[in-house]
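Let me begin by presenting the structure, written as structure tokens, before commenting on it.
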Amino acid sequence: MTTPGNEKEWHLNDQEVAPESTEHSQPVATSPLEEVVSDKDFEKDVDSGVKRPANHRRQLSRLDSTTSGTTDYTDDVLEAKSQASAKQKKWYRRLNVLKWGKKPPVPETRQVSREFHAGFLSLMTFQWMAPLMTVGYQRPLEVNDIWRVNPNRSADVLGKKLDAAFKKRVASGDPKPLMKALYDTFKWEFIFGGCCQLTSSLLQSLAPFVLRYLINFSVEAYVAKTYGRPAPSVGKGIGLVIGITLMQMVQSMATNHFMYRGMMIGGQARAVLIAVIFDKAMRLSGRAKAGGRPPDAPEAPPPEIKPGTPEEKKWYKRKLKKEKEAKAKPGEKGILGDGQGWGNGRIINLMSTDTYRVDQASGMFHMIWTSPVAVLLTLALLCINLTYSALAGFGLLMITMPLLGMAVRALFRRRVGINKMTDQRVSLTQEILQAVRFVKYFGWETSFLDRVDAIRTKEIHAVQILLSIRNGILAVGMSMPVFASMLSFITYSLSNHVLNPAPIFSSLALFNSLRLPLNFLPMVIGQVTDAFSSINRIQEFLMAEEAHDDAEWDYNKKEAIVVKHADFTWERTPTQETGNEESQSPQAQKKAKEAARAQKARKSQETDKEKDMGDANDSLSTMTVEEPFKLRDIDLAIQRNELIAVIGTVGSGKSSLLGALAGDMRRTSGEVILGASRAFCPQYAWIQNTTVRENIIFGKDFKHDWYNEVIDACALRPDLEMLPAGDRTEIGERGITVSGGQKQRLNIARAIYFDADIVLMDDPLSAVDAHVGRHIMDNAICGLLKDKCRILATHQLHVLNRCDRVVLLNEGHIEAVDTFDNLMAHNKTFMKLMATTAVEEEHKDEDEVNEDEVEEEKKISKKRRNKKPAAGLMQQEERAVKSVSWSVWTAYIRAAGGMWVAPYVLILLILSQGANIVTSLWLSWWTSNKFGFTEGVYIGAYAALGFTQAFLMFVFSVAVSVFGTKAGKVMLHLAINRVLRAPMSFFDTTPLGRITNRFSKDIDVMDNNLTDSIRMYFMTMGMIISVFILIIVYFHYFAVALGPLMVMFLFSAAYYRSSAREVKRHESVLRSTVFARFSEAVFGTATIRAYGLQDQFQRTIRAAIDDMDSAYYLTFANQRWLSVRLDAIGNMLVFVVGILVVTSRFSVSPSIGGLVLSYILSIVQMIQFTVRQLAEVENNMNATERIHHYGTELEEEAPLRIGDVPKSWPDKGEIIFEDVQMRYREGLPLVLQGLNMHVQAGERIGVVGRTGAGKSSIMSTLFRLVELSGGSITIDGVDISTIGLHDLRSKLAIIPQDPTLFRGTIRSNLDPFDEHTDLELWSALRQADLVGAETTLDDKTGRIHLDSTVEEEGLNFSLGQRQLMALARALVRGSQIIVCDEATSSVDFETDQKIQRTIVDGFKGKTLLCIAHRLKTIIGYDRICVMDAGRIAELDTPLNLYDMGGIFRGMCDRSSIRREDFFVEY
């Protein structure tokens, strides 16, 4: 099992607390399970890191997840490496016989686990693992080497078992159905584990007691020799040694099987719970999701209880009691409207954190009842040994252990505080990284670094205090048995007993054996209570209300859809969302807006509001409840081949009507009949992290011709040609690697390919540009789908005349349903709507020329096609195959304070171990009265030594913790600094998740786990070595036995580590697949339900779970394989020492013999613990290695400051571009090809051009985000390449396209360096029209003042307000040169005009470069520069260009701009 000195597990690693504070937004990181976290991003790294032909990596079909397809890359890399290493293999490496011969090939398919067919002996010794270990020793393991899960352990089989048991328990009215159902599922394995642990606990107490007789034997022999009496026969001694060895063997076997069963039950429980949580998430009703409560249906007794019987009475009594209890605890309402709801974030948290806790607790669960049994038995044996004196020491243990437990709890509370700081740091880091381009534009890197450092300093200080307190507790905890035995022996000696070696050393061993149960108990109790609360949470979720598809299906009906007098409602959403991921989802924001708009108009009608809310109000006193949006009295019949448009103002309920037909909204009355299958195309496309093709076919069979027709109809062909691997290109999570327009088109393609007869489309044309929209309308909606029933919610009113009928919605009810012509003729609302859109359309100006969508796509495809990954990332992954290099260790020690730290810590270790050994030696000298001192001297020295030992151990622990955390602080500072100074190309080729993972997970490992594992490793190692030295001093022959045993020991350890590391890596990769798929599918529930594909996704998730578990279960067996082997070596050591004591019984004092025997018994368990601890240190050092890599090996931009730049520069603002050439990265084509332009001081220039023409590239060169390949740019006579980046960027201002705000206040967003007065900031807000002209600086009543808080990404302000703040930020800068990446592409007409006015007034006399998306905004500028393919095609005043009739004229015509518009004042 683990060492008696092992507080590895009660090791307060605060896992109980840690997960609670993790961000929900990143479920993959919540699992604290990571040992080899180096592979969290393994998959992504590999994809980005290796160039291989498109077909090399077997495409991972969404539905066939039997292989993870991730590690094929290692073939090439490792093959190359092994060939290289073969040449330079050291001579001593060639001596290893096991590595001779050919390397075993990778199997074609994965086999079922050998455990399934293994025989009894093989199962008992875990020999069935051997073939895998052998392969792992000869070459790194591949996915196909890892055996599949036993068929009887697959998530599917267990899921069915648990489901049946759960339903049965619920039906019988059990108060804890889930717990009992889990017991029913794993009953026999659970009981077997319990029996093993009981056996082990009893033997653990008995072996030290039997020691007494062995020592007695040597005492008799020694005395006989001294006084010349006949000695007892040697056979008796050998018999006792064999007896003790056998007891040890049985005990180690029992312990190993108890741990294996416990871990297996944990792993299986976790797997099956993830599966049932997912199944439930697919069926969860919207009301349960939002935290509403089903109307109180009177609950009836289950059918098996007959009416009128005593059982029925009992049942009602129970029910009444429950209701009373529920009323007594109003705070715990569960799903009954506690307003928290089961948002996606909470569901993902259940899956990651709660199931993990159940897994953890199962491992050691039986210790809860076996530990007390072992403690009582030990006490009885101590009383036999020492009579009543034992009670003194035992009393001390009983008093201090609970106190230590309480101290540990106090630590948890501190940990919660630290977690808050860590969260703060991580979210700040994440914000900086998300907006890194922006931070660079403004030259704010140092300001943000200081903010991160300030939080980090506080965090490290808190962590150091926490770890020091914890080390104090541990030093006391570890020394407790020493103090207890000391107290007992002193009492024993003072009560006139002679100190006889036999009872004394037997008791010393007994006190040592108490260490384990007492240390583990608090931890296990903590884990189990956590798991109980987690099981209750999961149970509450499984009992939540399920959605019922309200529609009737009648495939023989004439119409496709019939809705009769139906009312629908969304669920209420508390506006103070707590940890509810939904609040950030675009749909939720949209629904909330719809609801808010509609509410104003119909306050008067809402009398039934209270009824509908159930009793939610009392539990929501702190939350304002917004009335959910409703559709009322919908009457609609749609034919099978009709095209219906749904229109209305913003917030009239268009999306809601489609949601209602897709089964997403709850129907409260009326009926819905669907006559055919449906496909749904929501407004916010849900894209899976899989290939383009899989996203389109969405689980249907692949039909080649139909697929190609769909691709062409949705205009996806050109996009596929741009993608690196065509339709086999993998799309990033949540579709991040494709643009908005591509997402929307994939969404439409999926709906068409699904070939359903009813297609619901929610504004699918909004995100695509006009000509693509027309193409889709012609070829898809009115082409491929012409014989289907199509319902299209849209803002594009120019498509209405092609629709058969138009549904006009207004505030949640249908105002009119008629043909386009009739509505135009007779309906006033419709006519008004058409008139306003005409203006809006013009203002929206959807001309392809200025549409930036394709530009985005091109950039992305460029990014991906030319992904030359930073060599570093690749290297990183390779390193994970080998152990950590020495350079990382030296860097770590240097960061901790210098190279002197290592010898200093080592000396402390030697001193504390020395004190430990001397304490026990003193006891043996005392028992044999070696020096002839008085009793008092022996007692005093013994006590003094005991305290010295505890103190030195504490000093050593604190030293390791303090130096380790200091190193963490230094290394993080270097890494963040380096990352922020990295060029943009690094961020283009590195997924954000990977960087944040390093700064959150890896730093967490360095702060909390690494110092712990280093300390534990060195302490146990020191302990073992010192004991071996002690034995060899007295029994020289032990050295002979130790040699071969040590070789076997080191060999087993190396054998274990080579395969354990690989299995763990695969497990990490496969686990992140489960997490990613789970969270992805939960976010896409609405889409999955609308297509009716729940079963298919459940199968996918279960297959992924089985994949993860195939590696996860092997990690348990792997550890047990090692334990069994190392325990055997340890038991041989016990045997050897026993035999030595017996054979040298005449020459060595029995006191020494007793000491050595009591030590060797405790050493056995330490040995295997040391090996596991070493693996742990290595795993945790991987985190250090990756942080070190970021801190030393990333390329950097030019320095921030070079020389002095005059304060007033640039005072004029004249810019000269001279033959400027620029490419984004080495090896890419030039984006700007010889650009020449002279911008006069104070001139306003508009830059236009089609996508990819190089508009944004001009801005990148001006700010030096990308360095020039040729030519120069000078500003006011200074060549910008000769000055520091900070000096340059801080003198320019930019208004970016997407306004980025940081968490903080408006003041900190406008002026993070505190360089301006409040008055300046206020006037900028006023100029930007964010505050009225009459509001004063001290007026805090308005929504916007300098101290208004800004939430993450500024989400508490509307897009228009954020855009105006970005403008205010540029005004505050007061630079002479302003670049405007035209900021009005996503705001309404009114805001647009405000911004244009401010730009004209606020930036008078300054040089302004403006990239335009809407021509109207720049036709009043001094000159227009038309870009084309990286060159300037035209450059002149707007009017001249118009008259010239070139590209610009063509653009104006398409945007219906006439000559007279040039003379209108804007």
Within the distance-only criterion (no hydrogens, no angle test), does the side chain of Thr1317 pair as donor or acceptor with the backbone N or O of Glu1320 below 3.5 angstrom?
-> yes
CG of Leu972 to CZ of Arg456: how many Å apart, nearest 0.5 Å?
-> 5.0 Å
Between OG1 of Thr1300 and CG of Asn1309, what distance do you get to the nearest 0.5 Å?
-> 9.5 Å
Run the side-chain contact (heavy atoms from CB on, under 4.5 Å) check on Leu1268 and Ile1273 step by step: do they pass?
-> CA-CA 9 Å; Leu1268 298 183; Ile1273 302 175; 4.1 Å; yes
In sequence, state the C-alpha distance, the side-chain angles, and the governing distance for Glu1197 and Arg1264, and then conclude on salt bridge (charged side-chain N to carboxylate O under 4.0 Å, His left out).
-> CA-CA 9 Å; Glu1197 287 184 312; Arg1264 284 179 63 195; over 6 Å; no
Please lay out, stage by stage, how Phe1217 and Ile1258 fare under the test side-chain contact (heavy atoms from CB on, under 4.5 Å).
-> CA-CA 9 Å; Phe1217 292 89; Ile1258 297 182; 3.8 Å; yes
Below 4.5 Å, heavy atoms only, C-beta onward: do Ile1275 and Gln1376 meet side chain to side chain?
-> no
Would you call Ile1202 and Ile1283 a side-chain contact if the rule is heavy atoms closer than 4.5 Å?
-> no
Flag the pair Phe448 / Val439 as yes when at least one side-chain heavy-atom distance between them is below 4.5 Å, and no otherwise.
-> yes
Once the angle between the rings of Phe1302 and Phe438 is folded into 0 to 90°, is it parallel (under 30°), tilted (30 to 60°) or perpendicular (over 60°)?
-> tilted
Less than 4.5 Å apart, any side-chain heavy atom of Thr1437 and any of Ile1424?
-> no
Which atom names give the shortest non-hydrogen contact between Ala1368 and Leu1325, and what distance separates them?
-> CB-CD2, 4.3 Å
Would you kindly check if the NZ (Lys) or CZ (Arg) of Arg1289 is within the cone defined by 45 degrees around the ring axis of Phe442 and under 6.0 Å from the six-membered ring centre?
-> no
In short, Asp1428 meets Ala1433 closest at the heavy-atom pair CB-CB, 3.9 Å
Take Phe999 and Val426 through the side-chain contact (heavy atoms from CB on, under 4.5 Å) test and state the conclusion after the steps.
-> CA-CA 7 Å; Phe999 290 149; Val426 171; over 6 Å; no
Taking side chain as C-beta onward, heavy atoms only, is Leu1409 less than 4.5 Å from Cys1380?
-> no
When rounded to the nearest 0.5 angstrom, what is the spacing between CZ in Arg1373 and NE2 in His1316?
-> 7.5 Å
Any donor-acceptor N/O pair, Thr1305 side chain to Ser1308 backbone, under 3.5 Å = yes
Is there a side-chain contact (heavy atoms from CB on, under 4.5 Å) between Leu1232 and Thr1261 once you walk through the steps?
-> CA-CA 10 Å; Leu1232 295 178; Thr1261 54; 3.8 Å; yes
Considering non-hydrogen atoms only, spot the tightest contact between Asn1236 and Ile1432 and give its length.
-> O-CD1, 3.3 Å
Donor-acceptor pair between Glu1218 and His1238 side chains, under 3.5 angstrom | no
Should we say atom CG of Asp1401 is surrounded by more than 12 heavy atoms from elsewhere, each under 6.0 Å from it?
-> yes
Taken to the nearest 0.5 Å, the spacing of Arg1362 CZ from Leu1301 CG works out to 6.5 Å
Please assess Arg1186 against Asp1002 for the test salt bridge (charged side-chain N to carboxylate O under 4.0 Å, His left out), listing each intermediate value before the final yes or no.
-> CA-CA 8 Å; Arg1186 299 209 310 259; Asp1002 287 349; 2.7 Å; yes
Compare every heavy atom of Lys1212 with every heavy atom of Asp1276, then report the nearest pair and how far apart it is.
-> OD2-N, 2.8 Å
Got Leu428 and Arg1303 here, is their nearest side-chain heavy-atom distance under 4.5 Å?
-> no
Does any non-hydrogen side-chain atom of Met1427 lie less than 4.5 Å from one of Val1248?
-> no
Find out whether Ile1215 and Thr1407 are in side-chain contact, i.e. whether some heavy atom of one side chain is under 4.5 Å from a heavy atom of the other.
-> yes
Of all the heavy-atom pairs spanning Ala975 and Ile1187, show the shortest one and how long it is.
-> CB-O, 3.8 Å
Is there a donor-acceptor pair under 3.5 Å between the side chain of Lys1291 and the backbone N or O of Lys1207?
-> yes
Looking at OG1 of Thr446 and CZ of Arg1201, how far apart are the two atoms once the value is rounded to the nearest 0.5 Å?
-> 6.0 Å
So CG of Leu1292 and CD1 of Ile1377: to nearest 0.5 Å the spacing works out to 5.5 Å
Any sub-3.5 Å donor-acceptor pair from Glu1434's side-chain atoms to Ile1447's backbone N or O?
-> yes
For the residue pair Leu1321 and Arg1307, what are the closest heavy atoms and their distance?
-> CD1-CG, 3.7 Å
For Gln430 and Ser427, test the side chains for any donor-to-acceptor distance below 3.5 angstrom and give the result as yes or no.
-> no
Cation-aromatic face contact Arg978/Tyr1190, 6.0 Å, 45 degrees | no
Ignoring hydrogens and geometry, is there a side-chain-to-backbone donor-acceptor pair from Glu1243 to Gln1240 under 3.5 Å?
-> yes
State whether the side chain of Lys440 and the backbone N or O of Leu980 hold a donor-acceptor pair below 3.5 Å, judged by distance alone.
-> yes
